[in-house]
Amino acid sequence: MKRVKLLAAVLMVVLVFTGCMKEDAKIIVSEDGYVTMGVTVDIKKETCDKILKKIKANGDEISKSIAESFTKDMKVVTIDGVEFYEAKESEKKTYKEFMSTNSDDGTDVYVTKDTIYINGKAKKTSMTGDVNSKEMEAMLKASGVDASVINEAKDIKLTYSVEFDKNIESTNGIIDKDNPKKANYSITEGINASSITIFATTNKSVTLKDVQNYIKKNRTIAKPILKKVKADKLKKKTKKASITVKFKKVNGAEKYKIEYATNKKFKNSRVKITSKTTYKIKRLKRGKRYFVRVYAMKKNDMGKDVISKASNKKSVKIKK
C-alpha cells in the first residue's frame with residue numbers, strides 16, 4: 001500500500017511541477033444549511049501519456065498496474081484546443097460538518113448562510129526532502145524525469161472560488177465579473193507558501209474583524225486562576241485524607257478539569273471534572289504533597305471540546 005501511494009504521489013508531483021496539472025476548488029454556500037465543495041483536476045493528456053508509457057515500459061509490476069489504472073476514472077476534455085484528463089470530486093455537508101472537518105491543523109473555518117471565512121497555513125513544502133529518498137528517485141528515473149525538475153520547482157498555483165445564493169457585498173477575493181455571487185482566489189502552495197485567508201459575505205453588516213472576533217470568543221477560553229488548595233481537617237479514625245480546591249469562575253466555561261498529582265510535573269496525574277468552582281478531592285494519602293492545576297472547558301459552535309491552558313499551579317502537604 002505504501003508503494004502504491006508513493007507512486008501516485010510521484011505522478012502528481014511530476015505533473016504539477018512540470019506545469020502539466022492544475023487544480024480548481026469551488027465552494028458553494030447555500031441558504032438551505034449546506035456547503036458543497038467540488039474539486040476539478042485537469043492533467044495535460046500528452047505529457048501524462050508519455051510519463052505513463054515510460055512507467056509501463058520500465059517499472060515493476062506494481063508500478064505498471066498503477067500506471068494502467070491512473071486515468072481509468074478520468075474523462076478527456078479539450079481546453080483551448082489542448083486535451084486534458086479531467087477528474088472531479090464533490091461532497092455536500094452541513095455548515096457544522098464543513099467547519100468541523102476542515103478546522104484541523106490550526107485552520108479556522110466559519111460558515112453561515114451569508115458568510116464564509118477560512119484562515120490557515122498553505123502547504124509549505126520542500127520538494128528535495130521527498131526526492132532524496134532512494135525509492136522516490138528510482139520511480140522518477142523510471143518515469144524518465146530528472147529529479148532536478150522537482151528540486152528547481154518552487155510553487156503551485158491553485159484556484160479557489162466561493163459562491164452564494166445572493167450577491168457578495170464584501171470579500172478579500174476578486175468578485176467574478178460575470179457572476180456577482182462568486183469570488184475568486186489564487187492560492188500559492190510550495191516552498192514560498194504563506195497563510196491563506198478567504199473571506200466573503202452577502203451581509204453588509206458583517207466584517208472580517210467581526211468574524212475573527214467571533215471565532216476568538218467562541219473557540220478559545222481563558223484559563224482559570226487557582227485561588228487556594230487547602231488540606232482538610234483529618235479525622236483520627238480514617239486512613240484517607242482530602243483537599244479542597246478553589247478557583248475563579250471563567251466566563252463561558254461549562255465545566256472544569258482539575259488535575260492533581262504527587263509529582264510536580266504531573267506525571268501519573270489524575271483528573272476530576274466539575275461544574276463548580278469549589279471542589280473536594282477525596283481518598284488521598286496522608287503524608288503526601290499534592291500538586292494541583294485547573295483547566296476550563298466548553299463546547300464551541302462546531303460541537304468540539306475547547307480546553308483552556310492550565311491555570312497557575314499550587315501544592316499542599318497533607319499531614320500524616
Side-chain angles (χ1 to χ4, degrees), residues 23-40 89-123 157-189 193-224 248-255 296-309:
E23 180 180 339
D24 296 320
K26 184 176 183 179
I27 301 170
I28 300 175
V29 181
S30 303
E31 290 187 340
D32 64 359
Y34 287 89
V35 178
T36 302
M37 184 166 183
V39 177
T40 301
E89 286 187 359
S90 180
E91 59 180 4
K92 188 176 182 179
K93 295 184 177 182
T94 64
Y95 297 161
K96 184 178 284 189
E97 288 171 341
F98 182 81
M99 290 189 291
S100 181
T101 56
N102 291 287
S103 291
D104 298 328
D105 302 322
T107 300
D108 290 322
V109 180
Y110 171 83
V111 62
T112 64
K113 66 178 182 179
D114 56 36
T115 303
I116 189 167
Y117 172 78
I118 301 173
N119 184 69
K121 292 183 178 180
K123 294 177 183 177
K157 296 291 184 181
L158 303 179
T159 302
Y160 278 70
S161 67
V162 174
E163 189 172 337
F164 291 89
D165 290 335
K166 296 179 180 179
N167 290 352
I168 293 173
E169 296 291 341
S170 177
T171 181
N172 66 331
I174 299 172
I175 295 179
D176 194 283
K177 62 180 181 179
D178 298 318
N179 183 2
K181 300 176 183 179
K182 180 180 177 182
N184 298 314
Y185 304 81
S186 180
I187 294 171
T188 299
E189 292 188 352
S194 55
S195 61
I196 297 171
T197 302
I198 291 175
F199 168 73
T201 182
T202 63
N203 189 336
K204 291 181 180 179
S205 64
V206 174
T207 67
L208 175 59
K209 193 68 176 176
D210 291 336
V211 176
Q212 291 171 332
N213 287 340
Y214 171 84
I215 288 174
K216 184 177 180 180
K217 181 179 179 180
N218 189 271
R219 300 180 189 175
T220 60
I221 190 167
K223 66 181 180 181
K248 284 190 176 181
K249 180 180 179 181
V250 176
N251 288 336
E254 297 168 359
K255 292 181 180 180
M297 301 188 300
K298 69 175 182 180
K299 295 280 187 182
N300 63 19
D301 55 335
M302 298 177 289
K304 290 186 175 182
D305 291 323
V306 178
I307 302 176
S308 73
K309 293 182 179 179

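We use all heavy atoms of the structure for the numbers below, so side chains are in, but hydrogens, waters and symmetry mates are not.
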Q: Hey, mind stepping through Y160 and I196 against side-chain contact (heavy atoms from CB on, under 4.5 Å) and telling me if it holds?
A: CA-CA 11 Å; Y160 278 70; I196 297 171; 6.0 Å; no

Q: Set out, in order, the CA-CA distance, both residues' side-chain angles and the distance that settles side-chain contact (heavy atoms from CB on, under 4.5 Å) for V29 and Y95, then state yes or no.
A: CA-CA 9 Å; V29 181; Y95 297 161; 4.2 Å; yes

Q: Which pairs pass salt bridge (Lys or Arg N to Asp or Glu O under 4.0 Å) with one or both residues in residues 168-182, sequence neighbours excluded?
A: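 Applying salt bridge (Lys or Arg N to Asp or Glu O under 4.0 Å) to every pair that reaches into residues 168-182, excluding sequence neighbours, yields nothing.
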
Q: Can you name the residues that form a side chain to side chain donor-acceptor pair (under 3.5 Å) with N300, not counting sequence neighbours?
A: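 Here no residue qualifies.
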
Q: Roughly how far apart are K92 NZ and T36 OG1, rounded to 0.5 Å?
A: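 Atom-to-atom, K92:NZ and T36:OG1 are 5.5 Å apart.
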
Q: Do you know which of T197, T159, T171 makes side chain to side chain donor-acceptor pair (under 3.5 Å) with Y185?
A: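 With Y185 as partner, T197, T159, T171 yield a single side chain to side chain donor-acceptor pair (under 3.5 Å), made by T171.
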
Q: Any chance you could measure K113, atom NZ, to F164, atom CZ, to the nearest 0.5 Å?
A: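 Nearest 0.5 Å value for the NZ-CZ distance: 12.0 Å.
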
Q: Take R219 and K304 through the side-chain contact (heavy atoms from CB on, under 4.5 Å) test and state the conclusion after the steps.
A: CA-CA 9 Å; R219 300 180 189 175; K304 290 186 175 182; over 6 Å; no

Q: Calculate, to the nearest 0.5 Å, the distance between atoms CG and NZ belonging to N102 and K93 respectively.
A: 6.0 Å

Q: How far does CD1 of I187 sit from CD1 of I118, to the nearest 0.5 angstrom?
A: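 That separation rounds to 8.0 Å.
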
Q: Tell me whether E254 is salt-bridged to K299, with the criterion being a basic N under 4.0 Å from an acidic carboxylate O.
A: no

Q: What residues, two or more places apart in sequence or in another chain, satisfy side-chain contact (heavy atoms from CB on, under 4.5 Å) together with T112?
A: Y110, D114, T115

Q: Nearest 0.5 Å, please: how far is CE in M302 from OG1 in T101?
A: 10.0 Å

Q: Quick one: OG1 on T107 to CE on M99, what's the gap to the nearest 0.5 Å?
A: 14.5 Å

